[in-house]
Amino acid sequence: MRDWILKVENLTKIYGDGCPNCLKSETNKCPFCRATIAVNSVSLALYSGEILGIMGESGSGKSTLVRSLYFDISPTLGEAYLNGEERNIFNFNSQEKRKLRNFNMGMVYQSPYRGLNFEITAGGNVAEKLLMANWRSYSNIRRRLIDLFEKTELPLNRMDDFPATLSGGMQQRIQIAKALANNPEILFLDEPTSGLDLSVQARLLDLIKKIQQELKISIILVSHDLGVIRLLADRVLVMREGRIIESGLTDQILEDPQHPYTQLLVNSML
Ligand SMILES: Nc1ncnc2c1ncn2[C@@H]1O[C@H](COP(=O)(O)OP(=O)(O)OP(=O)(O)O)[C@@H](O)[C@H]1O
Ligand SMILES: [Mg+2]
Ligand SMILES: [Zn+2]
């Protein structure tokens with residue numbers, strides 16, 4: 001087995017005060033205190049160069065999980081480790097977290113409104129990530145922007161346009177270009193193709209596959225779309241009510257799901 005690059009242990013996010021019974025709750029709504037256990041004791045490992053899919057119905061905690069790993073959300077409990085680093089990254093100070101996020105991680109948000117700044121141009125959005133990774137030379141940044149636009153098949157003549165004037169597919173490409181800007185080791189893709197029409201979706205999925213093979217990035221890919229998971233993921237985790245209820249190789253999960261919920265999920269998507 002390849003080396004893991006990111007290991008997560010018992011990650012838990014509770015919205016609300018919580019009570020001693022929250023973690024035992026069957027659903028993500030604690031029957032005692034009414035808190036929401038968005039993510040409940042999730043452990044996982046991401047291996048070097050793999051695409052790890054996360055599937056599960058709406059509200060099962062997928063976004064909360066990846067956004068916690070990108071330090072957008074602080075978890076209530078749990079640990080995460082990078083290979084070769086002894087400390088739990090959730091205990092890093094804010095400067096260390098920022099550094100990790102700016103230099104080693106990329107994120108494509110479910111909503112472009114969260115992932116992009118609509119007040120600045122498409123090129124500016126990507127340049128922002130470069131600036132945060134300490135790129136300083138204007139000509140280097142310019143060259144890198146052109147490279148990223150080409151890599152994500154964005155027309156160069158749209159670089160100075162504002163996100164609101166771009167199509168949904170282009171907005172997602174800008175998010176991808178931005179996420180790749182700092183050559184991240186770990187990329188989080190949260191429903192990168194949802195809301196796009198099928199042909200745009202197919203091209204974007206091909207693009208993600210191509211980029212992953214070329215750059216050997218380790219990816220956590222969230223999608224409730226079986227087609228997306230089938231095409232891209234090496235392994236899959238199935239989430240329900242904040243927990244991981246099944247995991248395995250993608251073919252195995254899709255062809256021979258063991259958990260009744262996964263069976264329902266897979267059958268309903270055929
Ligand atoms: N800021 C918040 N405050 C309170 N509850 C929240 C907050 N954010 C998310 N939740 C709740 O946490 C649970 C998990 O939400 P999350 O967005 O992670 O689900 P998801 O699996 O990404 O769903 P979807 O497929 O619809 O994107 C949901 O019950 C949601 O209502
Ligand atoms: Mg989500
Ligand atoms: Zn509770």
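In each ligand, atom 1 is the first atom listed, and ligand 1 is the first ligand listed. Along the sequence shown, residues carry numbers from 1.
Against a heavy-atom cut-off of under 4.0 Å, Gly61 is close to the following atoms of ligand 1: 14 (C), 18 (O), 19 (O), 20 (P), 21 (O). Within ligand 1, counting atoms from 1 as listed, the ones closer than 4.0 Å to a heavy atom of Ser63 are 17 (O), 18 (O), 20 (P), 22 (O), 27 (O). For ligand 1, the atoms closer than 4.0 angstrom to any heavy atom of Ser60 are 19 (O), 21 (O).
Taking 4.5 Å as the limit, some side-chain heavy atom of Leu221 sits within range of a side-chain heavy atom of Pro192. Here the side chains of Ile219 and Leu52 are not in contact, with every heavy-atom distance at 4.5 Å or above.
In Gln110, the part holding a heavy atom less than 4.0 Å from any atom of ligand 1 is the side chain. Residue-level proximity to ligand 1 for Asn28 is carried by the side chain, the only part with a heavy atom below 4.0 angstrom.
No donor-acceptor distance shorter than 3.5 angstrom exists from the side chain of Lys97 to the backbone of Tyr70, with no hydrogens or angles considered. Under a 3.5 Å cut-off, the side chain of Gln213 and the backbone N or O of Lys210 do not form any donor-acceptor pair. The main-chain N or O of Ser41 is found under 3.5 Å from a side-chain atom of Thr12 such that the two form a donor-acceptor pair. A donor-acceptor pair under 3.5 Å is formed between the side chain of Arg158 and the backbone N or O of Thr165. Judged purely by atom type and a 3.5 angstrom limit, Asn28 has no side-chain atom pairing as donor or acceptor with the backbone of Ala38.
Rounding to the nearest 0.5 Å gives a distance of 8.0 Å between NZ of Lys62 and CD of Glu57. For the atom pair Lys7 NZ and Glu79 CD, the distance stands at 12.0 Å (nearest 0.5 Å). For the atom pair CG (Leu6) and CD (Glu185), the distance works out to 11.0 Å, reported to the nearest 0.5 Å. To the nearest 0.5 Å, atom CG of residue Asn102 and atom NZ of residue Lys129 are 6.0 Å apart.
Metal site remark for the Mg ion (ligand 2): Thr64 contributes no N, O or S atom at a distance under 2.8 Å. Residue Ser63 counts as close to the Mg ion (ligand 2), with an N, O or S atom under 2.8 Å.
The distance criterion of under 3.5 Å between nitrogen or oxygen atoms is not met by Ala38 with respect to ligand 1. Where the criterion is an N or O separation shorter than 3.5 Å, residue side chain and backbone included, His224 fails it with respect to ligand 1. Geometrically, ligand 1 and Thr36 share no nitrogen or oxygen pair separated by less than 3.5 Å.
Residue contacts with ligand 1: Gly56 is excluded, as none of its non-hydrogen atoms falls under 4.0 Å.
Looking at Thr64, Thr27, Ile54, it is Thr64 that brings a heavy atom closest to atom 18 (O) of ligand 1. Heavy-atom proximity to atom 21 (O) of ligand 1, evaluated over Arg240, Glu191, Met55, Lys62, is greatest for Lys62.
Considering only non-hydrogen protein atoms, atom 26 (O) of ligand 1 sits nearest to Ser58 OG, 2.6 Å. Here the heavy atom of the protein found nearest to atom 4 (C) of ligand 1 is Tyr15 CG, 3.4 Å. Scanning the protein heavy atoms around atom 28 (C) of ligand 1, the nearest turns out to be Gly59 O, 3.8 Å.
Within the 4.0 Å cut-off (strictly below), no protein heavy atom is located near atom 30 (C) of ligand 1.
At the Zn ion (ligand 3), the angle from SG in Cys22 to SG in Cys19 is 120° when rounded to 10°.
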